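Worksheet for the structure shown next.
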Amino acid sequence: MPNYAVVDLGSNSIRLVVYDVKDAHKRTCTNKDFKSLINDKVMAGLSAYVVDGVFTQDGIDRAVSVLRGHAKRARYFDCEKMEVFATAVIRNALNCEEAVAAIEEAAELPISLLSATDEAHLGFVGATCDRAVERGTLVDIGGGSTELTRIESSLDFDNASIGQGSLSSFAQHVRAILPTPGEMDAIAEAFRKRFAGLPDPDAYRSEALYGIGGSVRAAAKMHAQATGAAVRPKTMTKQQIHAILAWCRTDPDTFAHAALKASAERVHTLVPGCIILGELFDACGAERLDVCKYGVREGYLIDRMLR
């Protein structure tokens with residue numbers, strides 16, 4: 001069975017996943033057709049290397065260093081293919097083309113730069129590889145952007161990207177580690193304005209949200225920490241997300257200790273991610289969030305590498 005390596009060059013982390021694929025020539029794939037052999041994440045924080053809209057040389061060097069390490073690890077698995085894709089942190093940079101070319105040359109790896117529509121669609125492909133979703137709104141809160149997809153009759157429509165994510169919210173609005181109540185309000189207001197600026201905000205109204213990505217998983221881990229649950233929940237409610245935010249507002253010291261236990265590497269982006277999620281609950285009129293196991297990386301594997 002062949003191995004395939006996918007590297008997700010994101011705003012917050014650069015992650016390598018090597019998949020063992022049963023049959024690379026099937027016309028359709030589900031989660032039963034592959035399994036991950038390694039899942040190696042480096043918290044590179046590339047959003048911090050964007051200055052006045054330009055992705056800096058230090059950011060390029062950081063990305064190249066991590067990619068070289070991932071390529072070295074992937075070689076041990078004798079992969080049939082290894083592909084790298086980049087998302088918002090590079091896509092939104094003023095020097096996007098130059099940054100991609102510089103990283104490709106130094107790392108000796110080609111990079112597929114996903115458009116906002118591509119990223120949202122691949123998230124849909126990954127999220128639905130283990131489930132049938134008839135209707136709802138798919139949410140992917142990344143470090144530098146938030147992708148939204150309307151699902152209708154098990155197909156994806158209105159793929160959109162909002163240029164605000166958990167890490168960019170932290171960088172732009174938070175002075176310390178946890179946001180103050182005033183900073184929380186500023187993050188929420190900024191996201192509300194961006195959401196309202198979508199061509200058709202009402203298209204995403206739905207009773208159910210489907211969440212992918214690290215910010216959604218971190219919120220679920222925080223809820224498990226708050227309730228003493230042994231594992232993170234597969235479903236969360238609007239009230240549970242707002243309870244997490246209320247806890248941060250009223251008792252930030254205790255909240256900080258719990259957040260470190262729940263997701264130490266995301267302690268600074270946890271609350272901004274929850275704020276965005278809470279705003280989406282309200283704006284979409286949703287009451288339930290299903291936490292999906294698979295996302296953009298699996299969508300890329302299925303749609304770009306296997307098909």
Side-chain angles (χ1 to χ4, degrees), residues 1-46 60 62-91 100-101 103-115 118-132 138 140 142-143 147 156 210-214 216-217 232 234 265 291-307:
M1 292 186 288
N3 295 334
Y4 289 77
V6 178
V7 178
D8 177 355
L9 195 151
S11 303
N12 201 21
S13 65
I14 304 176
R15 187 189 296 260
L16 163 70
V17 185
V18 176
Y19 299 95
D20 176 15
V21 179
K22 290 183 180 179
D23 184 356
H25 303 290
K26 290 183 67 175
R27 297 188 65 181
T28 59
C29 296
T30 70
N31 64 308
K32 295 181 180 179
D33 296 311
F34 60 84
K35 64 178 180 180
S36 62
L37 300 178
I38 65 165
N39 191 320
D40 188 13
K41 175 176 64 176
V42 176
M43 301 299 289
L46 295 185
I60 291 170
R62 176 62 171 153
V64 168
S65 175
V66 176
L67 289 176
R68 285 174 175 170
H70 280 335
K72 183 177 181 180
R73 281 180 282 277
R75 282 195 288 270
Y76 286 107
F77 292 86
D78 192 25
C79 295
E80 185 164 317
K81 288 184 180 181
M82 175 179 173
E83 295 192 14
V84 181
F85 69 82
T87 54
V89 68
I90 304 294
R91 180 174 69 230
V100 169
I103 295 170
E104 287 181 326
E105 181 179 2
E108 298 181 335
L109 290 168
I111 295 174
S112 175
L113 183 65
L114 300 184
S115 69
D118 289 339
E119 187 176 356
H121 172 68
L122 294 177
F124 166 77
V125 173
T128 57
C129 73
D130 68 338
R131 68 185 69 204
L138 182 68
D140 182 4
E147 273 62 50
D156 62 315
Y210 296 87
I212 62 176
V216 170
R217 290 191 294 270
R232 72 180 188 216
K234 295 181 179 180
E265 62 194 13
V291 182
C292 301
K293 183 177 181 180
Y294 303 107
V296 178
R297 288 179 293 276
E298 289 74 23
Y300 188 93
L301 171 72
I302 293 169
D303 203 66
R304 296 292 181 90
M305 298 179 75
L306 299 183
R307 287 180 181 170

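Keep in mind that what you see is a predicted model, and the values were worked out from it rather than measured.
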Please report the interatomic distance [atom1]([X]) to [atom2]([Y]), rounded to the nearest 0.5 Å.
| X | Y | atom1 | atom2 | value |
| --- | --- | --- | --- | --- |
| S36 | L16 | OG | CG | 10.5 Å |
| R304 | K81 | CZ | NZ | 12.0 Å |
| D78 | N3 | CG | CG | 7.5 Å |
| L37 | F77 | CG | CZ | 6.0 Å |
| L114 | Y300 | CG | OH | 7.0 Å |
| L301 | F34 | CG | CZ | 6.0 Å |

If only atom types and distance count, is the side chain of K22 paired as donor or acceptor with the main-chain N or O of K32 below 3.5 Å?
->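 Side chain of K22 to backbone of K32: a pair is present.
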Does R68 use its side chain to pair, donor to acceptor, with the backbone of A106 at less than 3.5 Å?
->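 Side chain of R68 to backbone of A106: a pair is present.
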Below 4.5 Å, heavy atoms only, C-beta onward: do V64 and I60 meet side chain to side chain?
->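 SC-SC contact between V64 and I60 confirmed.
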Inspect the contact between [Y] and [X] and indicate whether a charged nitrogen and a carboxylate oxygen are less than 4.0 angstrom apart.
| X | Y | value |
| --- | --- | --- |
| R91 | D118 | no |
| R73 | D40 | yes |
| R15 | E265 | no |

Restricting to non-hydrogen atoms, name the atom on [X] and the atom on [Y] that form the minimum distance, rounded to 0.1 Å.
| X | Y | answer |
| --- | --- | --- |
| I212 | G295 | CD1-CA, 4.1 Å |
| R131 | C292 | NH2-CA, 3.8 Å |
| I14 | A63 | CD1-CA, 4.1 Å |
| Y294 | G126 | CB-O, 3.2 Å |
| A74 | M82 | CB-SD, 3.8 Å |

Can you check side-chain contact (heavy atoms from CB on, under 4.5 Å) on E298 and N31, steps first, answer last?
-> CA-CA 9 Å; E298 289 74 23; N31 64 308; over 6 Å; no
Stepwise, does the side-chain contact (heavy atoms from CB on, under 4.5 Å) test hold for V7 with L109?
-> CA-CA 11 Å; V7 178; L109 290 168; over 6 Å; no
Verdict with supporting geometry, L138 and T128, side-chain contact (heavy atoms from CB on, under 4.5 Å) = CA-CA 10 Å; L138 182 68; T128 57; over 6 Å; no
Take Y76 and I38 through the test side-chain contact (heavy atoms from CB on, under 4.5 Å) and record every step on the way to the result.
-> CA-CA 11 Å; Y76 286 107; I38 65 165; over 6 Å; no
Has E105 got more than 12 heavy atoms of other residues, nucleotides or ligands less than 6.0 Å from its CD?
->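 12 or below, so no.
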